[in-house]
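If you're wondering where the values come from, they're calculated on a predicted model, not measured in any experiment. Both ligands and their constituent atoms are indexed starting at 1 by order of listing.
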Amino acid sequence: MTEDMKILVLNAGSSSLKYQLMDSTTEEVLAKGLFDRIGMSGKAEHSWSLGGKKHSAKLEIENHEQALEAAVKVLSADGGVISSFDDISAVGHRVVHGGEYFSTSVAIDEDVLEKLDEVSPLAPLHNPAAVSCIRAARSLMPEITHVAAFDTAYHQTIPPKAHHYPLPQELYDKYKVRRYGFHGNSHRYVAQRVSDLVNIPLRDLKIISCHLGNGASIAAIKNGVSVDTSMGFTPLEGLMMGTRTGSIDPAIVTFLMRQENLSPDEIDNLMNKKSGLLGVTGISSDLRDVLDAQEAGNELAKLAREMYAYSIKRYIGQYMAVLGGLDIIVMTAGVGENSPVMRAAALAGLEHWGIAVDPWRNIEKSEVFKDGLEGEYKISASGSRVKVLVVPTNEELMIARDTKALL
Ligand code: ADP
């Protein structure tokens, strides 16, 4: 292993590609960027930051391979951070679904690719894009190790009583219909971070991790492993989200299909893209817009805000029971990191269970840690038995670390 190993982390969507180039020793981000609208003739856009400067360009990008070539071109231009693909030591790929095959990140070979194809029906929008990007990256960088890091892997420790659905058993046998859970790299990262910050080993902690972004999920973590999580067979289950319903009575699905004459695709679209904060308010999926509308007196915005907070509180109650106690609640992602209003609302009234948020710390971010990173702070009150921490997530770093470990 050389000193200045550079690891490229890739996160591919069907028409997008996010990347970060990281120094594996210092864990410094050397450059990062995003391609949007890949394959939409002439409309692709590349935005990237390098050396503290932001850039963007419109260009013709037909596929992930061309995107990778364009990325390396800008990263190796004057004053760049690499001179060619040869300077990249390994690539870590974010893959949404690993099915039941993968409980950790793995080095990619043909067998792994076959398994990824096999589980593609479980994530038809995400996995094929990741596989196409992996193939492109391997053909451009055939000599180096490529690693797959799965959103589902961390939750493979969830016991059968929590991951099995009470459906006829043959449907599990046939389709592997069960809870998988997502955001695994994020939950794993923040759990490790809070353990470091409070200086107590993960194996001695009971943690509830709240990843509240556009997609949102909560995980119950005991002795360092995930024992339950709110997302299920797909990311639709669990919390109310920006545009997703989260858990609802499943009979509503068939009722609406009949009443509104909806096809499977239409009901799927309704529940994934038109519900949640957006559906209830008719205004926006962005919590900031909903909070603004509430301030302006919009009643539906007030209702949506209350529903969103209530859905988080419900899971916290459930997971305290699941864990048989609680040491730390950690809040992360867009809402968790940036919304004192939602953090306070979700945790209000839990003093009886030893959870007390300090309103001042919550807003002022005053209670930082000695070795804390930017954005990491404690918002629980001094006497609160359960510590409540805000920790910015870093899934890319988790993927880079796994990649390095597999070299
Ligand atoms: P993604 O799941 O797309 O990665 P993020 O983790 O970036 O999403 O979270 C995005 C969401 O975070 C936005 O939709 C917005 O609702 C919320 N958010 C970001 N900043 C704030 C803020 N200051 N107050 C309230 N909500 C915020």
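The protein residues lying under 4.0 angstrom from ligand 1, judged by non-hydrogen atoms, are Gly213, Asn214, Gly215, Asp286, Leu287, Arg288, Ala333, Gly334, Val335, Asn338, Ser339.
The backbone N or O of Ile218 lies less than 3.5 Å from a partner atom in the side chain of Thr229, making a donor-acceptor pair.
When every heavy atom of Ser217 is checked against every heavy atom of Ser230, the shortest pair comes out as CA-OG, 3.3 Å.
When each of His187, Arg94, His183 is tested with Asp151 by the rule side-chain hydrogen bond (donor to acceptor under 3.5 Å, both in side chains), just one qualifies, namely Arg94.
Counting only residues at least two apart or on different chains, no ring-ring contact (aromatic ring centres under 6.0 Å, His included) pair has a member in residues 333-389. Applying the ring-ring contact (aromatic ring centres under 6.0 Å, His included) test to residues at least two apart or on different chains, the pairs with a partner in residues 44-79 are Tyr19-His46, Phe35-His46, His46-Trp48, Trp48-His55.
In this view, Ser311 and Leu239, Met240 satisfy the side-chain contact (heavy atoms from CB on, under 4.5 Å) rule, not counting sequence neighbours.
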